[in-house]
Number of protein chains: 2
Amino acid sequence: MARRSARPDTASGITARLRDAITRGRLTPNERLVEADLAGRYGVNRAHVRTALAMLDQEGLVVRERNRGARVRAISDAEALEIAETRLAIEAMVARQAAARVTAADRKTLRTIEADMCAAVAGEDYSRFSRCNATLHGEIRRIAGNSTAARILDTLKSHLVRLQYRVILLPGRPQTSLAEHRAIIGALCKGDADAAEAAMRRHLTSFTRLLKHAIAAAAHGGF
Amino acid sequence: MARRSARPDTASGITARLRDAITRGRLTPNERLVEADLAGRYGVNRAHVRTALAMLDQEGLVVRERNRGARVRAISDAEALEIAETRLAIEAMVARQAAARVTAADRKTLRTIEADMCAAVAGEDYSRFSRCNATLHGEIRRIAGNSTAARILDTLKSHLVRLQYRVILLPGRPQTSLAEHRAIIGALCKGDADAAEAAMRRHLTSFTRLLKHAIAAAAHGGF
DNA sequence: CCCCGATAAATTGTCAACAATCCGGTTAGC
DNA sequence: GCTAACCGGATTGTTGACAATTTATCGGGG
């Protein structure tokens with residue numbers, strides 16, 4: 001999730017820190033981002049905050065209105081689904097590309113992650129499972145070697161992290177998710193591009209469906 | 001292609017103008033972007049140029065090295081293919097979504113564009129054909145109503161515009177391309193999601209293949 | 001009691017000056 | 001003749017001050 005390892009007191013450093021604060025929920029949607037405040041809080045110049053906000057605006061995590069300042073962008077329910085669907089399309093392609101390029105070393109890495117995931121689910125350690133999840137998807141992107149897709153997925157995921165906890169905590173979800181992930185890993189290790197893409201598609205379709213339900217439930221349940 | 005209609009002498013204005021200059025090839029790959037120069041040329045403050053460069057960096061059109069300045073990012077052949085493939089994945093999904101939402105008015109618009117395209121090819125007006133092409137893809141994105149995907153496609157396309165002329169000028173390409181587009185339009189008007197996705201996939205697969213050949217030819221032909 | 005205009009505070013937008021850094025050629029030393 | 005320290009120009013990085021704009025506050029009239 002760490003994107004650039006720059007000195008924390010520089011422009012790209014403050015960008016990374018702000019991005020982190022937003023994705024982790026320390027800065028809540030629609031919260032105002034006052035340049036002077038942030039500059040003081042993070043101990044940097046206002047100009048740095050300014051360029052950081054410009055970049056995060058370009059990235060879609062922040063909205064800016066002329067002479068009115070910046071605020072954390074609130075993504076609507078509809079938009080969350082858009083993001084999930086777009087992610088599905090890209091990640092399915094990535095899985096296909098990964099299957100075509102997987103090496104013996106990659107297979108070993110994937111199997112290690114698989115074992116780790118199984119252990120996490122068996123031990124009901126959902127935080128660990130979530131980390132494994134991220135590691136696996138990251139590894140698949142690495143194997144695919146499509147840096148363009150990887151960058152886009154990084155951005156999309158930064159919008160979804162807050163929402164995905166609603167899904168992973170649903171009863172029975174970890175077990176289902178584990179099975180889906182194992183299918184992906186199996187297809188990748190066989191180098192079967194069609195199967196890998198299909199498995200990834202099934203996995204993320206299932207995720208998207210649950211996300212949709214979670215959103216609908218929250219809208220009706222009313223909180 | 002115009003993204004924001006802001007006053008041309010402001011930060012987002014200069015960003016748009018620089019983006020335009022890069023995608024149109026007025027600023028060539030690896031060309032140095034000296035802040036003071038650009039500020040003078042566009043009649044704005046250096047700070048504006050600075051934030052514009054930061055945003056274009058985030059967008060991937062520009063690379064910046066600390067204390068060394070910015071230059072137009074040169075995309076490698078491999079990266080061009082990555083972009084084309086990623087675009088394919090997203091645009092296929094968009095076509096599917098558009099098919100599910102198309103209205104009577106949309107159908108009419110699509111047929112109008114189709115007629116325009118046919119006329120352009122018949123008259124061998126390839127500039128006009130290229131514009132129709134962009135209009136059609138834009139219209140499909142609008143119908144799909146997936147703003148997330150639309151934004152990503154916008155960015156990806158800004159990297160491809162320089163390359164696509166190599167493909168469209170190949171002998172016989174306009175005719176083939178026209179047929180592919182008509183298949184897409186037909187499927188959309190029927191509201192057939194599977195067919196629309198498949199047609200779009202065929203179209204962009206064909207484009208990607210030709211792009212690959214054009215790249216290989218340029219590499220061997222040697223210029 | 002509510003609405004409206006004037007004033008003040010807060011915040012962003014703009015700008016120019018200065019400091020730090022890099023890149024070229026140049027010169028001193030071996 | 002060659003290497004290495006070194007200087008000067010060019011360019012970016014940083015900072016603070018000031019202008020412009022929006023938002024909140026307050027007082028007076030309807």
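Proteins get letters first, then strands, A, B, ... in listed order; numbering begins at 1 in each.
Distances were taken from every side-chain heavy atom of Asn67(A) (C-beta onward) to each of dG13(C), dT12(D), dT11(C); the shortest belongs to dG13(C). With dT12(C), dT14(D), dT11(D) as the candidates, the nucleotide lying closest to the side chain of Arg32(B) is dT11(D). Residue His48(A) places its side chain closer to dT15(D) than to any other of dT15(D), dT11(C), dC15(C). Distances from the side chain of Ala47(B) to the nucleotides dC15(C), dT12(D), dT15(D) place dC15(C) closest. With dC15(C), dT21(C), dG13(C) as the choices, the nucleotide that has an atom nearest any side-chain atom of Arg64(A) turns out to be dG13(C).
We find that CZ of Arg50(A) is positioned 17 Å from P of dG13(D), with the value rounded to whole Å. Taking atom CD of Glu35(B) as the reference point, atom P of dA16(C) lies 15 Å away to the nearest angstrom. Distance, Glu65(A) CD to dT11(C) C1': 14 Å, rounded to whole Å. As a whole-Å value, the separation of Glu31(A) CD from dT11(C) P is 13 Å. Taking atom CG of Asp57(A) as the reference point, atom P of dT12(C) lies 14 Å away to the nearest angstrom. Atom CG of Leu33(B) is separated from atom C1' of dT11(D) by 13 Å (rounded to the nearest Å). Atom CZ of Arg46(B) and atom P of dT12(D) are 7 Å apart (whole Å).
For the pair Arg66(B) and dT14(D), the criterion of a side-chain N or O lying under 4.0 Å from OP1 or OP2 is met. Close to dT15(D), at under 4.0 Å from its OP1 or OP2, lies a side-chain N or O of Asn45(A). Side-chain nitrogen and oxygen atoms of Arg68(B) include none within less than 4.0 Å of the OP1 or OP2 phosphate oxygen of dT12(D).
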- Test Ile14(A) against Leu38(A) for side-chain contact (heavy atoms from CB on, under 4.5 Å), laying out the working first. CA-CA 9 Å; Ile14(A) 184 70; Leu38(A) 296 173; 6.0 Å; no
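For the residue pair Glu82(B) and Ser147(A), a side-chain donor N or O sits within less than 3.5 Å of a side-chain acceptor on the partner. The closest side-chain donor-acceptor pair between Arg131(B) and Ser127(B) falls under 3.5 angstrom.
Arg73(B) places no side-chain N or O within donor-acceptor distance of the main-chain N or O of Leu61(B), the cut-off being under 3.5 Å.
Exactly one of Arg142(B), Arg141(B), His137(B) qualifies for a side chain to side chain donor-acceptor pair (under 3.5 Å) with Glu139(B). That residue is Arg142(B).
Nucleic acid contact for Leu53(B): none, since no nucleic acid atom lies under 4.0 Å from a heavy atom of the residue.
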